[in-house]
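Numbers for residues simply follow the sequence, beginning at 1. Heavy-atom basis, side chains included; hydrogens, waters and symmetry copies ignored.
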Amino acid sequence: MRVMVLVKATEDSEKGFLPTTWTSEMLEAMGKFNDELRNAGILLAADGLKPSSYGKRIAFDGTSRTVIDGPFAEVRELVAGFWLWEVKDMDEAVAWVRRCPNPMPGPSEIEIRPLYEAADLS
């Protein structure tokens with residue numbers, strides 16, 4: 001099963017990357033974690049996202065399209081980064097996330113969402 005693992009944004013992540021001792025240590029720990037995922041054959045893709053102030057949203061209403069510039073409100077609803085994993089089941093995904101270094105300097109959340117597979121759509 002494929003899952004998208006979403007690192008939820010925080011006020012800190014929305015400030016952008018700031019080179020500090022903590023960020024250097026976190027990036028090193030995250031690099032080691034990604035190596036473990038890669039070596040286990042689980043990691044398909046991974047990356048961090050720039051703050052929402054760099055983003056745009058396109059609102060659809062029938063044939064109308066409206067472009068909305070970031071930053072976006074409701075920081076806790078935003079995503080700061082992601083992984084795409086191939087795991088045997090949700091329990092395995094949860095077990096890997098529990099081993100993940102905290103991606104933020106304070107409290108944070110990681111969400112796991114299964115992707116639709118062809119069999120789900122027939």
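Rounding to the nearest 0.5 angstrom, the gap separating the CD atom in Glu86 from the CG atom in Leu44 is 6.0 Å. In this structure, CD1 on Ile58 lies 8.0 Å from CD1 on Ile68, to the nearest 0.5 angstrom. Atom-to-atom distance recorded for Met26:CE and Thr21:OG1 is 12.5 Å, nearest 0.5 angstrom. Atom CG of Leu115 is separated from atom CE of Met1 by 9.0 Å, given to the nearest 0.5 angstrom.
The shortest distance between side-chain heavy atoms of Leu6 and Trp83 does not fall below 4.5 Å. Side-chain contact between Val87 and Val3: present, with at least one pair of heavy atoms (C-beta onward) separated by less than 4.5 Å. With contacts defined as side-chain heavy-atom distances shorter than 4.5 Å, the pair Val79/Leu49 qualifies. For the pair Cys100 and Met30, the minimum side-chain heavy-atom distance is below 4.5 Å. Side-chain contact between Leu43 and Glu36 is absent, with no heavy-atom pair separated by less than 4.5 Å. Under the 4.5 Å side-chain criterion, counting only non-hydrogen atoms from C-beta, Val97 is in contact with Ile112. Between Val5 and Trp85 the shortest side-chain heavy-atom distance falls below 4.5 Å. Between Asp12 and Trp22, every side-chain heavy-atom pair lies at or beyond the 4.5 Å cut-off.
Note on Phe17 and Leu78: separate hydrophobic clusters, where clusters join Ile, Leu, Val, Met, Phe, Trp and Tyr whose side-chain heavy atoms are under 4.5 Å apart, directly or indirectly. Following chains of ILVMFWY side-chain contacts shorter than 4.5 Å, one cannot reach Leu18 starting from Leu27, and the two form parts of different hydrophobic clusters. Note: the hydrophobic cluster containing Leu37 does not contain Leu84 (ILVMFWY, side chain heavy atoms under 4.5 Å, direct or indirect links).
For Glu74, the CD atom counts as loosely surrounded, since its 6.0 Å shell holds 12 or fewer non-hydrogen atoms of other residues, nucleotides or ligands. Residue-environment remark: OH (Tyr54) stays at or below the threshold of 12 foreign heavy atoms within 6.0 Å. Heavy-atom contacts from other residues, nucleotides or ligands closer than 6.0 Å to CZ of Arg98 number 12 or fewer.
Summarising the geometry of Arg57 relative to Phe72, their closest heavy-atom pair is CG-CZ, 3.3 Å, with the distance given to 0.1 Å. In terms of heavy-atom proximity, Pro51 sits nearest to Ser13 at CG-O, 3.7 Å. Contact detail for Met90 and Pro114: the closest heavy-atom pair is CE-CD, 3.6 Å.
Judged purely by atom type and a 3.5 angstrom limit, Ser108 has no side-chain atom pairing as donor or acceptor with the backbone of Asn102. Looking at Glu14, its side chain does come within 3.5 Å of a backbone N or O of Ser52 through a donor-acceptor pair. Side chain of Asp61 to main chain of Ser64: no donor-acceptor pair is present (N/O by atom type, distance under 3.5 Å, no hydrogens or angles).
Judged by a 6.0 Å distance limit and a 45° cone about the ring axis, Arg99 is not positioned over the six-membered ring of Phe33.
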CA sep, side-chain torsions, deciding dist, call: Ile42, Glu92, side chain to side chain contact (heavy atoms under 4.5 Å, CB included): CA-CA 10 Å; Ile42 289 171; Glu92 182 180 24; 3.6 Å; yes

Residue pair Lys8, Arg76: steps toward the side chain to side chain contact (heavy atoms under 4.5 Å, CB included) verdict: CA-CA 6 Å; Lys8 303 300 288 236; Arg76 305 235 350 123; over 6 Å; no

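Counted by atom type alone, Thr23 and Thr20 present one or more donor-acceptor pairs between their side chains at under 3.5 Å.
Taking a cutoff of 4.0 Å between a charged side-chain nitrogen and a carboxylate oxygen, Lys32 and Asp35 do not qualify as a salt bridge. Between Glu111 and Arg113, at least one side-chain nitrogen of the basic residue sits less than 4.0 Å from a carboxylate oxygen of the acidic one, meeting the salt-bridge criterion.
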